[in-house]
Amino acid sequence: MPELPEVEVVRLGLAPAVTDAIVTAVDVYDERAITRHDHRRGSFADRLTGRSMLAPQRRGKFIWIPLEPAGRLAAGEGRPDALLAHLGMTGQLLLRDAWARPEDEPHVRVRIELRHPSHAELAVFFRDQRTFGSLALDELVSTDAGDAVPSQVLHIARDPIDPLFDDRAFLASLMRKNSAIKRVLLDQRAISGVGNIYADEALWAARIHPEQPASSLSRAKTRLLLDEIRLVLGKALTEGGTSFDAQYVNVNGQAGYFAHSLNAYGREGRPCPRCGTPIVRVSFMNRSSHYCPRDQRLR
DNA sequence: AGAATGACCTGCGCGC
DNA sequence: TGCGCGCAGGTCATTC
């Protein structure tokens, strides 16, 4: 579920709690919660326990906490790595008191206990109803630009609020793709962080039909679309993300407010806020697209 | 290379 | 009340 704004809210909430913390215990209650972990390099819990955390990072919908190099004295053990998380559709990272019991709430798949130099002991609970999300320990790999990302994130494009996102290259790539524009927006190799909600919202704002071939858009239209993507992501972030139910919450369990600001997504049959025409919902890529049939014409 | 499909899961609301 | 169906913020592997 969570898209860039929701994941960023989680990252910001984790930062003060986990940065400089030491992992004192790791409990995995459901192995499906660590399907991204490569067991050939050692068990998730064993490798994480005792490690020291640095400031959490994010690219698109992936979030990771780099770890202080472990066993610097042990030859071959010093490769930089990170605790990687993808929330999938229903994953949550929640801060809990150290004494809180995982069995007292549903779907707690992993518990990570932390000791911190400047605040009380606490635990991070990874909750996930549908188990599409996953944690892993993953090796950090340097990019061409000099930053480091987990190996599983290498194929993910930079997101549009990354200072190193290349606007010109992205706009040029749109010109070369004959795929439907929404398909391109959802392809995390082209631009990351945009999911079904914000794709529909940005396309509504830019008055582009979701199935319009990317290459058929004018330069001005693609420019407008990128601007609208940034606007909607930024606004959602300041409002704490989009929550329809209890599935998306921040690290303290609180919902975001952006659902009240949606113009197209989830508004089938309700009037377009711009022109009053009922919003339609169509099936596309095994999910739903919402758009205004009057403002967003296929050309 | 791009497109289509299915797999991975649980839970909710709806109509019957 | 209970059952089956469709639907849900995502990613990845496999096929054509």
Side-chain angles (χ1 to χ4, degrees), chain A residues 1-11 29-38 58-63 84-93 105-109 126-136 138 150-157 159 173-174 176-203 210-211 213-215 229 232-233 235-237 239-250 255-262 264-269 281-290:
Chain A
M1 121 236 172
E3 305 180 37
L4 188 154
E6 293 76 32
V7 178
E8 179 64 1
V9 166
V10 170
R11 187 188 74 84
Y29 308 109
D30 189 328
E31 290 289 321
R32 296 174 302 178
I34 55 170
T35 49
R36 285 183 175 276
H37 182 76
D38 183 354
R58 184 190 53 72
R59 178 182 283 191
K61 304 169 196 172
F62 283 84
I63 189 168
L84 175 68
H86 194 290
L87 302 179
M89 294 281 262
T90 52
Q92 308 175 337
L93 290 167
E105 49 190 309
H107 313 309
V108 177
R109 313 293 189 189
F126 178 59
R127 277 177 62 175
D128 192 6
Q129 177 195 106
R130 289 173 72 183
T131 70
F132 289 173
S134 175
L135 307 182
D138 195 12
S151 69
Q152 294 180 46
V153 177
L154 270 177
H155 69 290
I156 303 293
D159 60 63
S173 78
L174 291 185
R176 285 185 262 110
K177 292 182 192 292
N178 295 319
S179 307
I181 183 62
K182 184 171 173 183
R183 179 183 293 278
V184 181
L185 296 184
L186 295 180
D187 182 350
Q188 304 296 300
R189 297 168 302 183
I191 182 172
S192 70
V194 179
N196 209 32
I197 295 178
Y198 300 111
D200 281 2
E201 290 300 303
L203 289 166
E211 291 175 56
S215 57
I229 290 169
V232 71
L233 294 178
K235 184 149 187 282
L237 180 55
E239 295 186 25
T242 301
S243 304
F244 302 116
D245 51 33
Q247 289 309 337
Y248 169 68
V249 291
N250 69 14
Y257 292 100
F258 193 72
H260 306 289
S261 304
L262 295 174
Y265 185 87
R267 292 180 42 87
E268 180 185 19
R281 179 174 73 89
V282 299
S283 186
F284 177 69
M285 293 174 66
N286 286 327
R287 53 221 308 188
S288 292
S289 283
H290 310 75

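In the text below, chain A, chain B and the rest are named by the order of the sequence lines, each starting its count at 1. All heavy atoms count here, side chains included; hydrogens, waters and symmetry mates do not.
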Q: In whole angstrom, give me the gap between the P atoms of dC9(B) and dA13(C).
A: 15 Å
(Q) Tell me whether the ring of Phe132(A) lies stacked over the dG10(C) base, given a 5.5 Å limit on centroids and a 30° limit on the plane angle. (A) yes
Q: Please state how far atom CZ in Arg109(A) lies from atom P in dC8(B), giving the value in whole angstrom units.
A: 16 Å
Q) Once you round it to whole Å, what is the distance between C1' of dA8(C) and NE2 of His290(A)? A) 10 Å
Q. What is the distance from CZ of Arg267(A) to C1' of dC7(C), rounded to the nearest Å?
A. 19 Å
Q.
What's Ser288(A) touching, base or sugar-phosphate or nothing? Going by heavy atoms closer than 4.0 Å.
A. sugar-phosphate
Q: Name the residue closer to the 5' end of DNA chain C, choosing between Gln188(A) and Gln129(A) according to the nucleotide with the nearest heavy atom.
A: Gln129(A)
Q.
Under a plain distance cut-off of 3.5 Å, with no hydrogens placed, do Thr90(A) and Tyr248(A) share a side-chain donor-acceptor pair?
A. no
Look for any protein N or O under 3.5 Å of an N or O in nucleotides 1-5 of chain B and output each such pair with its distance, or none.
residue: dG2(B); atom: O3'; partner: Ser179(A); partner atom: OG; Å: 3.3
residue: dA3(B); atom: OP1; partner: Ser179(A); partner atom: OG; Å: 2.7
residue: dA3(B); atom: OP2; partner: Ser179(A); partner atom: OG; Å: 2.3
residue: dA4(B); atom: OP2; partner: Arg183(A); partner atom: NH2; Å: 2.7

Q.
Over all strands shown, is Tyr265(A) touching base, sugar-phosphate only, or nothing at heavy-atom distances under 4.0 angstrom?
A. sugar-phosphate
Q) For dG10(C), does either OP1 or OP2 sit under 4.0 Å from a side-chain N or O belonging to His86(A)? A) no
Q. Gln152(A) has an atom CD; how far is it from atom P of dT11(C), in whole Å?
A. 13 Å
**Q.** Thr131(A) side-chain N/O to dT10(B) phosphate OP1/OP2 under 4.0 Å
**A.** no
Q | Nucleotide-level pairing of DNA chain B, given in dot-bracket where Watson-Crick and G-U pairs need both distances under 3.5 Å and | marks other strands | A | .|||||||.|||||||
Q: Write down the atom of Leu185(A), the atom of Gln188(A), and the distance for their closest heavy-atom approach.
A: O-NE2, 4.2 Å
Q) Should Arg287(A) be listed as having a side-chain N or O under 4.0 Å from OP1 or OP2 of dG10(C)? A) yes
(Q) Does the plane of the ring in Tyr198(A) sit parallel, tilted or perpendicular to the ring in Phe258(A)? Use 30° and 60° as the thresholds. (A) tilted
(Q) So, does Arg36(A) get its side chain near the phosphate of dC12(C), meaning an N or O under 4.0 Å from OP1 or OP2? (A) yes
Q.
Whole angstroms only, please: what is the CD1-P distance between Ile191(A) and dT11(C)?
A. 13 Å
Q.
How many whole angstroms separate atom CG of Asp128(A) from atom C1' of dT10(B)?
A. 10 Å
Q: Round to a whole Å and report the spacing from CG of Leu4(A) to C1' of dT11(C).
A: 16 Å
Q) Are any of His107(A)'s side-chain N or O atoms less than 4.0 Å away from OP1 or OP2 of dG11(B)? A) yes
Q | P atoms of dT5(B) and dC7(C), separation to the nearest Å | A | 15 Å
Q | Nearest atoms (heavy-atom pairs only) where Leu87(A) meets Pro2(A) | A | CB-CG, 3.5 Å
Q.
Between Gln92(A) and Phe126(A), is the side-chain contact (heavy atoms from CB on, under 4.5 Å) condition met? List the steps.
A. CA-CA 6 Å; Gln92(A) 308 175 337; Phe126(A) 178 59; over 6 Å; no
Q. Nearest to the side chain of Asn196(A), which nucleotide is it out of dA8(C), dG10(C), dC12(C)?
A. dG10(C)
Q.
Is it the case that over 12 heavy atoms from other parts of the model lie below 6.0 angstrom from the OH atom of Tyr257(A)?
A. no
Q | Electrostatic pair Lys177(A):Asp187(A) at N-O distance under 4.0 angstrom | A | no
Q. Taking 4.0 angstrom as the limit, do Lys61(A) and Glu3(A) come out as a salt bridge?
A. no
(Q) For a quick test of reading the model, state the closest non-hydrogen atom pair linking Gly91(A) to Asp128(A) and the distance between them. (A) N-OD1, 3.2 Å
Q: Could you check how far CD of Gln247(A) sits from C1' of dC7(C), rounded to whole Å?
A: 14 Å
Q) Can a salt bridge be assigned to the pair Asp200(A) and Lys182(A) using a cut-off of 4.0 Å between side-chain N and carboxylate O? A) yes
